[in-house]
Amino acid sequence: MLQVSFLRQNRDLAKKKLAIKYFAQPDLVDTVIDLDDERKQLQASFDETQAKVNSASKEIGAMMAKGDKEKAEATKTAVGEWKKQLEPLKEKMAQVEIDLQNVLVQFPNLPHDLVPLGKTPEENEVVRTGGVPPKLHAGAEAHWDLIKKYNLVDFETGAKITGSGFPLYIGKGAKFQRALVQYFLDFNTAAGYTEYLPPFMVNAASAFATGQLPDKEGQMYHATEDDFYLIPTAEVPVTNVFRDVVLKETDLPLQMTAYSPCFRREAGSFGKDVRGLNRVHQFEKVEIIQIVHPDKSDEVLNEMVAHVEKLLVSLGLPYRVLRLCGGDMGFASAITYDFEVYSAAQERWLEVSSVSNFQAYQTYRMKCRFKDGAGKIQFAHSLNGSSLALPRIFAAIVENYQTEAGIALPKALQSYFGAENLI
RNA sequence: AGAGAGGUGUCCGAGUGGUUUAAGGAGCACGCUUGGAAAGCGUGUAUACGGCAACGUAUCGGGGGUUCGAAUCCCUUCCUCUCUGCCA
């Protein structure tokens, strides 16, 4: 959520930046400031009247103590009049605050200065490329054929149990998932991240704090009986650990990593890119999350990108790093780097990680603050990234490491899987 | 799931309608004292909004209500603990 004070001081800049994100109603910036002016005025007159009520009430107490009943009754009548004035003020103030909030939550985060202009994924900027695409043997297959051939994943039975997009991993396929999760978590904790295993359902307050509500309401599975949401990423529960918390400056940076299944309805993504493991409703992911000093978030973002890059290099997968353009970036992000790995058999790039700096967008929403050296309370910055999402990594490894005899494994994974080859 | 007890500041903890402007204690910070430290003494020690400021308003888990006045009474909801039940 953007801060009113910031919009007030940077009205034109905010509009310009919102345009980079293709936000349709830049004039809502003016609406916010107008509503805030109204709120201030209302509060001033409310406070003034309430102050009179409060001090008169105290006087009544003193009069009663002295036994001056008549005077007390007269004061009561006067207070009654003020309270009548208070009622409409209170209602109006509540309404203005709701209106203000409703407008404010519509704003996406403002893009960082480094964010390239552009609307579509084609306009994302390739920052760098690494690794070498393997030369596959003739007759190399896409992962959806390989997993069937070797009985690693059964989509049909998953569909029977739940529905389409809920894969059933079997045998070595299941064990490989476990190996990947273990490897990723170890890799992250070795770099200083603390491991968390969070709840996989969250309440509405948590979903709101990280920006899933109200923006992505329809993208989450909702257990209506208890009003819980199945998490679309571990970012939601783990970032919310620090909701309504005032940290010490020395607590920063906080580095967390968490494994979780992720549940996404993917409403509206028909047809394209849905084959095999490319897009599913439930998948496994290991996430990294940091809460840092605002002066440090640019630097930390680069560190996190380098960390994920190192992980991909260790898997021997060809990859590229993209800096997302304004139109392709997420709602809450100020700047995002996507990692894509090259799937040799599909001959295309698959997104496997997304690393973002949210700056104070989430922390302001969820009131995650810290007390600086001068004793001043400031909003921290939050960042997160996948390290990594499993299905597409699974797909890429299966495809890129296939041989005529079976499927090999990256060295780093062999001890985790307990064999040199997957098949 | 049922019955009961609770939820107060950084922490412990008092407080069943009116100098509570949330007692008292601990911790922490600063000062005095000291050769140095401890003890002792003094001062300070939540957040948000409004205001240049003085200050005002709100907040005793959340929401709502009664009252001139609510931490205190009522309703509702969430959470914690104890017992019972069920269960991995």
Side-chain angles (χ1 to χ4, degrees), chain A residues 1-9 32-105 197-209 213 222-229 237 240-252 261 360 362-380:
Chain A
M1 200 152 65
L2 299 178
Q3 300 179 44
V4 179
S5 57
F6 178 86
L7 294 176
R8 207 178 258 289
Q9 286 159 30
V32 162
I33 294 167
D34 290 345
L35 282 169
D36 193 49
D37 284 339
E38 196 181 346
R39 181 189 62 82
K40 282 186 188 183
Q41 251 180 20
L42 286 167
Q43 193 185 335
S45 52
F46 178 88
D47 283 0
E48 193 188 336
T49 309
Q50 183 66 51
K52 284 197 278 189
V53 170
N54 286 349
S55 66
S57 293
K58 233 170 262 173
E59 282 165 28
I60 291 173
M63 290 168 197
M64 301 290 263
K66 268 193 251 165
D68 198 345
K69 254 193 155 166
E70 228 169 87
K71 211 171 161 194
E73 285 303 322
T75 312
K76 274 191 200 183
T77 315
V79 172
E81 286 305 311
W82 290 327
K83 286 194 65 169
K84 265 185 225 155
Q85 296 169 22
L86 236 37
E87 274 314 307
L89 274 175
K90 202 167 149 188
E91 268 170 47
K92 205 156 176 206
M93 202 156 69
Q95 191 53 54
V96 169
E97 259 160 43
I98 290 167
D99 291 347
L100 180 60
Q101 185 77 358
N102 285 343
V103 178
L104 220 42
V105 296
L197 183 61
F200 299 153
M201 291 202 260
V202 296
N203 56 31
S206 293
F208 176 83
L213 292 180
H222 187 193
T224 51
E225 179 83 18
D226 296 288
D227 197 21
F228 292 154
Y229 293 87
N240 270 282
V241 169
F242 303 98
R243 169 152 56 88
D244 294 320
V245 168
V246 180
L247 297 156
K248 284 182 249 152
E249 188 166 10
T250 50
D251 292 336
L252 304 177
Q362 292 181 328
T363 52
Y364 178 63
R365 250 177 195 237
M366 65 178 184
K367 297 187 174 52
C368 171
R369 295 161 295 173
F370 71 96
K371 199 171 251 181
D372 67 20
K376 226 183 115 200
I377 303 267
Q378 293 190 44
F379 288 98

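Small disclaimer: the values here were computed from a predicted structure and weren't measured.
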In whole angstroms, how far is the [atom2] atom of [N] from the [atom1] atom of [X]?
| X | N | atom1 | atom2 | answer |
| --- | --- | --- | --- | --- |
| A/Lys52 | B/G56 | NZ | C1' | 13 Å |
| A/Arg243 | B/G62 | CZ | C1' | 12 Å |
| A/Leu86 | B/C68 | CG | P | 14 Å |
| A/Lys90 | B/G50 | NZ | P | 20 Å |
| A/Gln3 | B/A48 | CD | C1' | 13 Å |
| A/Asp47 | B/A54 | CG | C1' | 15 Å |
| A/Asp226 | B/U77 | CG | P | 14 Å |
| A/Met93 | B/A58 | CE | P | 10 Å |

Tell me whether A/Asp47 contacts the main-chain N or O of A/Ala44 through its side chain, where contact means a donor paired with an acceptor under 3.5 Å.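 No; judged by distance alone, with no hydrogens or angles, the pair does not exist.
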Can a donor-acceptor pair be found, under 3.5 Å and without considering hydrogens, that links the side chain of A/Thr363 to the backbone of A/Ala380?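 Side chain of A/Thr363 to backbone of A/Ala380: a pair is present.
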Which part of the nucleic acid does A/Lys371 contact within heavy-atom distance under 4.0 Å: base, sugar-phosphate only, or nothing?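 Here A/Lys371 touches the backbone only, sparing every base.
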Quick one: label A/Gln50 by what it contacts on the DNA or RNA (base, sugar-phosphate, nothing), any heavy atom closer than 4.0 Å.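 Answer is sugar-phosphate: A/Gln50 comes under 4.0 Å of backbone atoms only.
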Partner lookup for [N], please. Criteria are Watson-Crick or G-U wobble with both distances under 3.5 angstrom; report none if nothing qualifies.
| N | result |
| --- | --- |
| B/C87 | none |
| B/C60 | none |
| B/G31 | B/C41 |
| B/C68 | B/G18 |
| B/A3 | B/U82 |
| B/G24 | B/C12 |

Would you mind telling me which of B/G56, B/A58, B/A46 lies closest to the side-chain atoms of A/Asn54?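 In terms of side-chain proximity for A/Asn54, the closest of B/G56, B/A58, B/A46 is B/A58.
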Let's see if you can work this out: which of B/U57, B/G50, B/U47 has an atom nearest to the side-chain heavy atoms of A/Ile377?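 Between B/U57, B/G50, B/U47, the one nearest the side chain of A/Ile377 would be B/U47.
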Using atom [atom1] in both nucleotides, what's the gap between [N] and [M] to the nearest angstrom?
| N | M | atom1 | result |
| --- | --- | --- | --- |
| B/U10 | B/U16 | C1' | 28 Å |
| B/C79 | B/C86 | P | 23 Å |
| B/G65 | B/A58 | P | 15 Å |
| B/A22 | B/U72 | P | 15 Å |
| B/C68 | B/G17 | C1' | 12 Å |
| B/G69 | B/U21 | C1' | 15 Å |
| B/A3 | B/G9 | C1' | 33 Å |
| B/G42 | B/C52 | C1' | 32 Å |

Closest-nucleotide 5' rank along RNA chain B - winner of A/Arg39 and A/Val53: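 Closest to the 5' end, via its nearest nucleotide, is A/Arg39.
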Return the 5'-most residue of the pair A/Phe46, A/Lys83 with respect to RNA chain B, ranking by each residue's nearest nucleotide.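 Final value for this comparison: A/Phe46.
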Atom pairs, N/O to N/O, protein against nucleotides 17-22 of chain B, distance under 3.5 Å?
| residue | atom | partner | partner atom | Å |
| --- | --- | --- | --- | --- |
| B/G18 | N2 | A/Ser57 | O | 2.8 |

B/U47 phosphate, OP1 or OP2, under 4.0 Å from A/Arg369 side-chain N/O: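 For B/U47, neither OP1 nor OP2 has a side-chain N or O of A/Arg369 closer than 4.0 Å.
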Around atom [atom1] of [X], are there more than 12 heavy atoms of other residues, nucleotides or ligands at under 6.0 Å?
| X | atom1 | value |
| --- | --- | --- |
| A/Gln3 | CD | yes |
| A/Met1 | CE | yes |
| A/Lys52 | NZ | yes |

With a 4.0 Å cut-off on N to O distance, would you call A/Asp251 and A/Lys371 a salt bridge?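 Looking at A/Asp251 and A/Lys371, the cut-off is not met.
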Polar contact flag, side-chain donor to acceptor under 3.5 angstrom, A/Asn54-A/Gln50: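 Yes, side-chain donor-acceptor contact under 3.5 Å.
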Please state whether the rings of A/Tyr364 and A/Phe379 are parallel, tilted or perpendicular, taking 30° and 60° as the class boundaries.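 A/Tyr364 vs A/Phe379 ring planes: perpendicular.
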In Å, rounded to the nearest 0.5 Å, how long is the span from CD of A/Glu87 to OG1 of A/Thr49?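 So the CD of A/Glu87 and the OG1 of A/Thr49 are separated by 12.0 Å.
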